[in-house]
Amino acid sequence: MKAPGAFVDAFQLDRKSAHGTLSGPAGPETHASGTEKPRTWTSKRLMACGLEVGLSIGRGASLVNRAASGRRHARGREKGLGLESLRMSVVTRYAPSPTGALHIGGARTALFNWAFARHAGGTFVLRFEDTDRARSTRESEEDVLEALSWLGLDYDPVPGFAEIPRQSERLDRYRETVETLLRTGAAYRCTCTVEEVEAMREAARAAGRKPSYDGTCRDKGIGAEVDLPFCVRLRVIEGGLTRWEDLIAGNSGEDVSQVDDFVLARTDGTPIYHLAVVVDDHDMGITHVIRGREHMTSTPRQLLLYQALGFAPPQFAHVPLLVEPGGKKLSKRHASVSVQSYRDRGFTPETMLNFIARLGWGHSDLEIFSKEELVKLFSLTGVGRSPSQVHDDKLLWLSQHYIKTLPMGTLFSYARPFLEAEAGGPVPAEPGLERLLDLLRERSKSLAEMARLARFYLTDAIELEPKAARKHLTPRIAQPLQELRDALAALPKWSEEALKQSFHVALERHAVKLAELAQPVRVAIVGGAASPGIFETLELLGRERSLKRIDAAIERIGTDAED
RNA sequence: GUCCCCAUCGUCUAGCCUGGCCCAGGACACCGGCCUUUCACGCCGGCAACGCGGGUUCGAAUCCCGCUGGGGACGCCA
C-alpha cells in the first residue's frame, strides 16, 4: 500500500513548480519507474512518459509497437502481460455527478474501474463531481451509494480527503489553482458575455468551422481589477499535446487547433468540470482514468490543462457507450435503466454484476462468472471498442441461472421483500416456504416472478384465472373432484404418497387421465394452470387450505352451471 | 455544419495486433424434437453474421484505401 503521505507529498511538490517544469512526475508512476528527472512538456517528453509507464508495466517495447501500429487492435495489446508489476501502483476512481440515480452505464463504468483496481491490487476511490450546484442533490448521492453497495463495489478512502470527496468542498483548492494559472499566464480573464460567445459560435458554424470561442480577450491583459464580470479561460498554446494512447480506443486525440480557449472558472468564481477533474485526479493520485466515451472529446482539453499545471497526466481508457435496443444513446434520464429499477424488477446483484460486465467486456467464451472471477480475469484489453445494446434476453437467462444456483439463505433474503409484497405482510423463513422456493427456482426468471408464483402459499386471497377456470373447472369433472375431495379429507396421513393414492383411486373409478383431474385441482388450489407438481403442491399447502380451495372450486362449478 | 470514433449471427460476443487452424466459434433469443400430471427445467437438433467496393497477397473476417451506415462531442453541464 502507498504511504499515507504520498498524495500530500506529490501535491505540495507540484504546487511549488506549478508551471512548465516539475521536479518529478506527479503520479504513482514515479514510484514505479523511479525517475526523478526534471521534466518539461514537449511531445518527446510525453512520449517518454508513456514509455516509462509501459516499461514499468513490464513490456514497454510492445506498447511502443502498438502505438506505432495505429489505433486498430488495441485489444491484443497487453495480452499475456503480467500485472504483477502493476500492483501497488494503480489508483482508479468513479466520479459521478450526483444528478440522478445510478444508471446501468454509470454502473458499468464504476464496475470496470473497480475491477481494474482490484485486479491490480490497487485502490478504487469514489468522488462526487457536484460543481453543478443547481442539479446536484444529496438524494442522488444516496442513490449512487446505495446502488454501488448493492452491487458489492467497495471503495477506498483517500488519505487527506473527506470520506467521500466532493468537489463542492474543495472550492478553495480550485480557486487557488486558477490564481496560479492566471499568474503564470497560462490562463486569462475574459469579459465576453455569454451572448457574445454564442454569436462567435454561430459565426464559426456558419463559416464551416467547429463552434468555438474566438479569443477576443486572449491578449487584452485584463487584470483582477476590472469592474466587468469575468470568467477565466485557458490560453491554449500552439504545440500543446492533445493526443494520447488510449488503453481501450488506442491512438486518440485531435489537433490542438481544434481546441478553443475554454472556460476554467465561471463569472462567480466557481470551477468548471475540466479544471476540477484535473486537479482532483492529480491530487488524489489517480493513475488510470476509466470513463465513458462521451468524455473522449474533452480529454484533449484536460491534457492541455495537465500541461499548464505541470502535472503528469494519468492513463486514459474510454469505455464505449451503452445504447438502447434501437441503437440510440442510453438516456440518462430514463429511470428504467437505473440500477435500482433492475433491483426492483427482481434481479439479484450477482445477476446484474455479471450482466453489466458482459456488456462490452469479454473473456473468450466465458458467460457466467462471480465477482471474484471477474477481478481475477478483468483487463482493459478485454473491453471492446464498439457500443453495446442493452437487451433483456440474456439478463433474464442469467437471472434464472442465479436463482437456480444461489444458496437458500441468500435467495431468501433477496426474495423476501417480493414475497412480503405478495403476502401483504411479514414473511418469515420456514421449511415449507423454503421447499416451495426450491420448487420455484426452475420456474422463475426474476424474484418478482418467483413471488408471484408463491402467492398461493403466502395468502388465501387468491383469485382464479378466468381462462384457466373456464377450461379446467367444468361440470363433467365436478363428480370426480368431489370424490377426490372426500378421499383427501379422509386421509389418515397428508403425505405426497397418500395423495397420489387417492388420485389413482378416483382416476380408475372414472376412467380419466391424471392430467384431467390434476389440472382442475391445480387451478383450484393455486389459481392458475401452472405450478410445481400437483402432489408436492398439495402437500405443501396442507390439508385444511387445500380442501377449502377445492370446495370453493366445486361450488363455483355448480353456480357456473346454473348460469 | 465541424472534429473524432465505431462496424462479425436479431442481441451479447470469440477470432483481428502476429493473414492460412474460420465456407467464422460460444452464449441468449427463436424454431423443431425428446422428457412430462400443468408450467418450467433438462437433453438433442436447427436457423442465423464477417456492411459494400477496390487493392496488397499464393491466400484476407484479419493488412491498406474509398464508400455507406451508425454514434459521440462541439456549454460560464458533468
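Below, chains carry the letters A, B, ... as their sequence lines are ordered, and counting in each starts from 1.
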Out of B:C76, B:C28, B:A78, whichever nucleotide has its closest atom nearest the side chain of A:Y273
B:A78
Which donor-acceptor pairs under 3.5 Å do side chains of residues 498-506 of chain A form with protein atoms, sequence neighbours excluded?
unit_1, atom_1, unit_2, atom_2, d
A:S502, OG, A:A498, O, 3.2

Taking the same atom, C1', in B:U37 and in B:C50, what whole-Å distance lies between them?
48 Å
Mind telling me whether A:H318 and A:F316 have parallel, tilted or perpendicular rings, with 30° and 60° as the class edges?
parallel
For atom C1', what is the distance between B:C12 and B:U57, given to the nearest Å?
34 Å
Can you tell me, in whole Å, how much space there is between the P of B:A14 and that of B:G51?
15 Å
Does the plane of the ring in A:H274 sit parallel, tilted or perpendicular to the ring in A:F262? Use 30° and 60° as the thresholds.
perpendicular
Could you give the NZ-to-P distance, from A:K210 to B:C4, as a whole number of Å?
8 Å
Once you apply a heavy-atom cut-off of 4.0 Å, does A:F535 come out as touching a base, just sugar-phosphate, or nothing?
base
Once you round it to whole Å, what is the distance between C1' of B:U37 and NZ of A:K471?
13 Å
Which nucleotide in the list B:G75, B:C76, B:A7 gets nearest to the side chain of A:S386?
B:A7
Euclidean distance for C1', B:G19 against B:G55 (whole angstrom)
15 Å
Please determine, for B:U38, whether a Watson-Crick or G-U wobble partner exists with both distances under 3.5 Å, and give it or none.
none
Whether the A:R522 and A:S531 side chains hold a donor-acceptor pair (N or O, under 3.5 Å, no angle test) is what I'd like checked.
yes
Please report the C-alpha distance between A:F112 and A:Y94 in whole Å, then the side-chain angles of each, then the deciding distance to 0.1 Å, and finally whether the ring pair (Phe, Tyr, Trp, His ring centres under 6.0 Å) criterion is met.
CA-CA 9 Å; A:F112 286 2; A:Y94 177 56; over 10 Å; no
Establish, from distance only, whether the side-chain atoms of A:T299 and A:R291 form a donor-acceptor pair under 3.5 Å.
yes
Does anything in residues 509-517 of chain A come within less than 4.0 Å of RNA chain B? Heavy atoms only, and list the residues if so.
A:L514, A:A515
Nearest-Å distance once atom P is located in both B:U68 and B:C43:
48 Å
Using whole Å, report how far CZ of A:R166 lies from P of B:A78.
17 Å
Can you measure A:R135 atom CZ to B:C76 atom C1' for me and round it to whole angstrom units?
14 Å
Between A:L234 and A:L304, what is the shortest heavy-atom contact and its length?
CD2-CB, 4.0 Å
Counting primed atoms, P, OP1 and OP2 as sugar-phosphate and everything else as base, the B/S/- map of nucleotides 65-72 of chain B against protein heavy atoms under 4.0 Å is ------SB
Of the nucleotides B:U38, B:C12, B:A29, which one has an atom closest to the side chain of A:Q519?
B:U38
What verdict does the salt bridge (Lys or Arg N to Asp or Glu O under 4.0 Å) test give for A:R435 and A:D438, after you've listed the backbone C-alpha separation in whole Å, the side-chain angles of each residue and the deciding distance to 0.1 Å?
CA-CA 5 Å; A:R435 170 96 198 286; A:D438 266 333; over 6 Å; no
Give me the distance, rounded to whole Å, that separates B:U62 from B:A48 when you measure between the P atoms they each carry.
22 Å
Determine which nucleotide pairs with B:C3, using a 3.5 Å limit on both distances of a Watson-Crick or G-U wobble pair.
B:G72
Integer angstrom distance from the P of B:C64 to that of B:A7
12 Å
For nucleotides 39-51 of chain B, read 5' to 3', which letter fits each nucleotide if B means a protein heavy atom sits under 4.0 Å from the base, S means only the sugar-phosphate is that close, and - means neither?
BSSS---------
Using a heavy-atom cut-off of 4.0 Å across all strands, would you classify A:R201 as base, sugar-phosphate, or nothing?
sugar-phosphate
Could you check which nucleotide pairs with B:G51 in any of the strands shown, counting Watson-Crick or G-U wobble with both distances under 3.5 Å?
B:C67
May I ask you to say what A:S388 touches in the nucleic acid, namely base, sugar-phosphate or nothing, with a heavy-atom cut-off under 4.0 Å?
sugar-phosphate
From B:A78, B:C3, B:U37, pick the nucleotide closest to the side chain of A:T131?
B:A78
Can you tell me whether the side chain of A:R522 and the base of B:U37 have a donor-acceptor pair closer than 3.5 Å?
yes
From the candidates B:U37, B:U11, B:A78, the one with an atom nearest any side-chain atom of A:Q389 is B:U11
Would A:Y174 and A:D280 count as a side chain to side chain donor-acceptor pair (under 3.5 Å) if you check the C-alpha gap in whole Å, the side-chain angles of each, and the deciding distance to 0.1 Å?
CA-CA 9 Å; A:Y174 307 134; A:D280 284 346; 2.7 Å; yes
For B:A27, which nucleotide in any strand shown is its Watson-Crick or wobble partner with both distances under 3.5 Å?
B:U11
Can you work out whether A:A518 or A:S298 has the more 5'-proximal nearest nucleotide on RNA chain B?
A:A518
Between A:L395 (CG) and B:G10 (P), how many Å, whole number?
21 Å
With sequence neighbours excluded, tell me which residues meet ring pair (Phe, Tyr, Trp, His ring centres under 6.0 Å) with A:F369.
A:W361
By nearest-heavy-atom nucleotide on RNA chain B, the more 5' of A:P229 and A:H363 is A:H363
Tell me whether A:S444 contacts the main-chain N or O of A:E449 through its side chain, where contact means a donor paired with an acceptor under 3.5 Å.
no
Across all strands shown, which nucleotide pairs with B:C58 by Watson-Crick or G-U wobble geometry, both distances under 3.5 Å?
B:G20
A:E202 CD to B:G75 C1', in whole Å, measures 13 Å
Would you classify A:E367 as touching base, sugar-phosphate or nothing, given that sugar-phosphate means primed atoms plus P, OP1 and OP2, and contacts are heavy atoms under 4.0 Å?
base
To the nearest angstrom, the CZ-P distance between A:F262 and B:A73 comes to 18 Å
Would you kindly give the CH2-to-P distance between A:W361 and B:A27, to the nearest whole Å?
17 Å
Please identify each residue that fulfils ring pair (Phe, Tyr, Trp, His ring centres under 6.0 Å) with A:F456, with sequence neighbours left out.
none
Tell me yes or no: between the side chains of A:Q167 and A:R170, is some donor less than 3.5 Å from an acceptor?
no
Audit row: A:E516, A:K513, salt bridge (Lys or Arg N to Asp or Glu O under 4.0 Å) steps and yes/no
CA-CA 5 Å; A:E516 294 176 81; A:K513 281 183 287 189; 5.1 Å; no
Please tell me whether A:H363 and A:E373 have a donor and an acceptor in their side chains that are separated by less than 3.5 angstrom.
no
Let's see if you can work this out: which of B:C76, B:U13, B:G25 has an atom nearest to the side-chain heavy atoms of A:D365?
B:G25
Distance, P atom - from B:C28 to B:C41, rounded to whole angstrom
11 Å
Whether A:R385 contacts B:C6 is assessed here as follows: a side-chain N or O lying under 4.0 Å from the phosphate OP1 or OP2. Is that the case?
yes
